[in-house]
Protein chains: 2
Amino acid sequence: MADVARLAGVSSQTVSRVSNGHPSVVESTRRQVLNAMQQLGYRPNSAARALKRGEFRTIGVILFTLATTGNSRTVEAIAAQAAQEGYAITLIPVAMPTQDGVLGAFTRLGELAVDGVIVIMEVHLLDAANLTLPPGVQVVVVDSDAGDRYPVVDTDQADGARQAVRHLLDLGHETVWHVTGPAESFSSERRAAAWRDVLTEAGRPVPPVQRGDWSALSGYEAGLQLAAEPSCTAIFCANDQMALGVLRALHERGRRVPDEVSVVGFDDIPDAASYLPPLTTVHQDFAEVGRRCVQGLLDQIRRHSLEPGTVLVPTTLVARASTAPPPVFQ
Amino acid sequence: MADVARLAGVSSQTVSRVSNGHPSVVESTRRQVLNAMQQLGYRPNSAARALKRGEFRTIGVILFTLATTGNSRTVEAIAAQAAQEGYAITLIPVAMPTQDGVLGAFTRLGELAVDGVIVIMEVHLLDAANLTLPPGVQVVVVDSDAGDRYPVVDTDQADGARQAVRHLLDLGHETVWHVTGPAESFSSERRAAAWRDVLTEAGRPVPPVQRGDWSALSGYEAGLQLAAEPSCTAIFCANDQMALGVLRALHERGRRVPDEVSVVGFDDIPDAASYLPPLTTVHQDFAEVGRRCVQGLLDQIRRHSLEPGTVLVPTTLVARASTAPPPVFQ
DNA sequence: CACCCTCATGTTTACGCAAACATCACACCA
DNA sequence: TGGTGTGATGTTTGCGTAAACATGAGGGTG
């Protein structure tokens, strides 16, 4: 900076003012400084800047994996929105979804240059790990029921599941079977609860749950079980990938979709439209979730206030070719 | 820090030594300092640290999208490896895959606190945008042929494609049709070139290429074309998602896979094993790519030397149920 | 014409940390 | 007993920036 100042024939403070767009610099001076900057290839040192300003203009994102559609799409939206607000985002991967893993991530977090954190994971893991957020670090949580303690942004899981189950009942199915996700997952539990509620409200029998782990393979295994149930004509899968596995199992067992069995997924990943048959599923707006996260976090950072509460992003049912009225028994 | 020093009854320098694990601090002193730190909730200010040390211990990752399996898996591996080396990673999304978008990302990069950058995208876009990397920032590029100018880490696209095509020829197919990715993609071009080479070397006819855009939908459209070609018995798709679309098109047109037509993909995404039928595909080791990127970049950062050259990560063919010998014509 | 105000610019200082150097106590040896 | 070395700890300093304050030139007003 001093070099630039010398070359431009001004003080370093003026250089600082130019690089921050301060108004009270006369146009001719500004141009000289800009010129000198370019000539010397000057770029401000962000560490010094952060030190002086007391903020990093960076958001940390803590998550287990980018391998799920939901996570990677959410992170992408977070990154885009943050960039627009002039914030960078730092990824803090949690090596393993265990207390130790989480603890490790938070330890690293303590030394990281972030003004706030977005946590994309089950909060009960946070609780279990007995964590304390570094003071001054704000937080927003995704995919959680901790709305009473933290600001939470999430897809409206319950409503999405309700739409899926109602859609199947409306088509005339007697009841709906369910392939759920892992028990540790809040989304998974929420979808299952909504499925159960709709059936109960409608006075329908609630069949036993098939448990998967979000993977297509686990869906396949669940599908083999369901294919063996002659009374099963409608299946609601907690995500699209498990639905893919279910479709394969039904196909292999010779049960035609949607003529004999209807299948609904959740997420609306791009591939779902190309499944055999194209999958009816619940569309999640991950981009909106990401956007809301950043907005919520920046609000907190600017106002220095933590306001618990849950923001729900709505879902829509996308009807494709995997659902139809049940076969007529006589 | 001064507060901690006061409480522990030592100098601030000793606090610094403790927080950096410097050896020459006596155990009793260390414990006192640690105690004081905990009591006061002290955590080192990473901005000041970076300022003093002249390095940020952060790696930037520039990419267009996390929506593709390859990118998100690579980023995940980069993040994991970087964390292990004590580096954080900062995501720098490029809003749009245009010159302006790239230029914008690099402008932001100039102000970011990173010691090096991993660029996951087509380098010709970099060239086109006439970019200069900020001095002192090292770079590693993924998915590119710029091995003469930058260090490049990439999957061995050509070998993977060769394995796929040979597999089909070995099964007895007369020739192999190809669904390629977008023309701007280096990976896509490389796979297509290898496909062509193998056919030419084997003296087989080279059918016209069907061009897709990586999406399952584009694969579906290409598949409709191919389904109408009676002579087409083997299809090599440049990625798994397009293969998914091709499978759907063939199914809808009543062409059975693999009895009448064989299909091979590329990537080996987890879902590929659950397609109808389970897809034979080329497995990419994204995790290894990510690891090598970080290693290469840290090497550069530590030695301050840029060494162009390409590191190729090998691929393996995973044979599943979508390939078989061609139907016998008589 | 003297006063004061405004605005561009310069000077000083501190942000929090750690390298470099300084100091001091103690042990060991001749 | 004095000298010397070693290792623990303290003191000084500067990293690059921007806020706060200081300066000084010009312009307007009574």
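Computed from a prediction, not measured in an experiment: that's the story for all the values here. What you see below is based on every heavy atom in this structure, not just the backbone, and it leaves out hydrogens, waters and symmetry mates. Within every chain, numbering begins at 1; the chains are lettered A, B, ... in the order of the sequence lines, protein sequences first and strands thereafter.
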Range on DNA chain C touched by chain A - first to last nucleotide, heavy-atom distance under 4.0 Å:
C/dA8 to C/dG16
Can you pull the salt bridge (charged side-chain N to carboxylate O under 4.0 Å, His left out) pairs that have at least one residue in residues 13-27 of chain B, sequence neighbours excluded?
B/Glu27-B/Arg31
Counterpart residues, side-chain hydrogen bond (donor to acceptor under 3.5 Å, both in side chains), relative to A/Thr58 (two or more places apart):
none
Set of side-chain contact (heavy atoms from CB on, under 4.5 Å) partners for A/Ala47, sequence neighbours left out
A/Asn45, B/Ala50, B/Leu51, B/Phe56
Pairs satisfying salt bridge (charged side-chain N to carboxylate O under 4.0 Å, His left out), at least one member in residues 78-94 of chain B, at least two apart
B/Glu85-B/Arg302
Under the rule for side-chain hydrogen bond (donor to acceptor under 3.5 Å, both in side chains), what residues qualify as partners of A/Thr68, not counting sequence neighbours?
none
Within the distance-only criterion (no hydrogens, no angle test), does the side chain of B/Asp156 pair as donor or acceptor with the backbone N or O of B/Leu312 below 3.5 angstrom?
no
Could I get the full list of side-chain contact (heavy atoms from CB on, under 4.5 Å) partners for A/Ala77, not counting sequence neighbours?
A/Ala287
If you look only at pairs with a residue in residues 57-77 of chain A, which of them pass as a salt bridge (charged side-chain N to carboxylate O under 4.0 Å, His left out), with sequence neighbours excluded?
A/Glu55-A/Arg57
The helix from C/dC1-D/dG30 to C/dA30-D/dT1: angle between end helix axes, five pairs per end, rounded to 10 degrees
50°
Per-nucleotide protein contact string for nucleotides 11-20 of chain D (B base, S sugar-phosphate only, - none; heavy atom under 4.0 Å):
B--BBBBBBB
Side-chain donor/acceptor pairs under 3.5 Å, residues 292-299 of chain B, sequence neighbours excluded:
from	atom 1	to	atom 2	distance (Å)
B/Arg292	NE	B/Glu288	OE2	2.7
B/Arg292	NH2	B/Glu288	OE2	3.3

D/dA8 phosphate, OP1 or OP2, under 4.0 Å from B/Thr29 side-chain N/O
no
With A/Arg6 via salt bridge (Lys or Arg N to Asp or Glu O under 4.0 Å) - residues at least two apart
A/Asp3
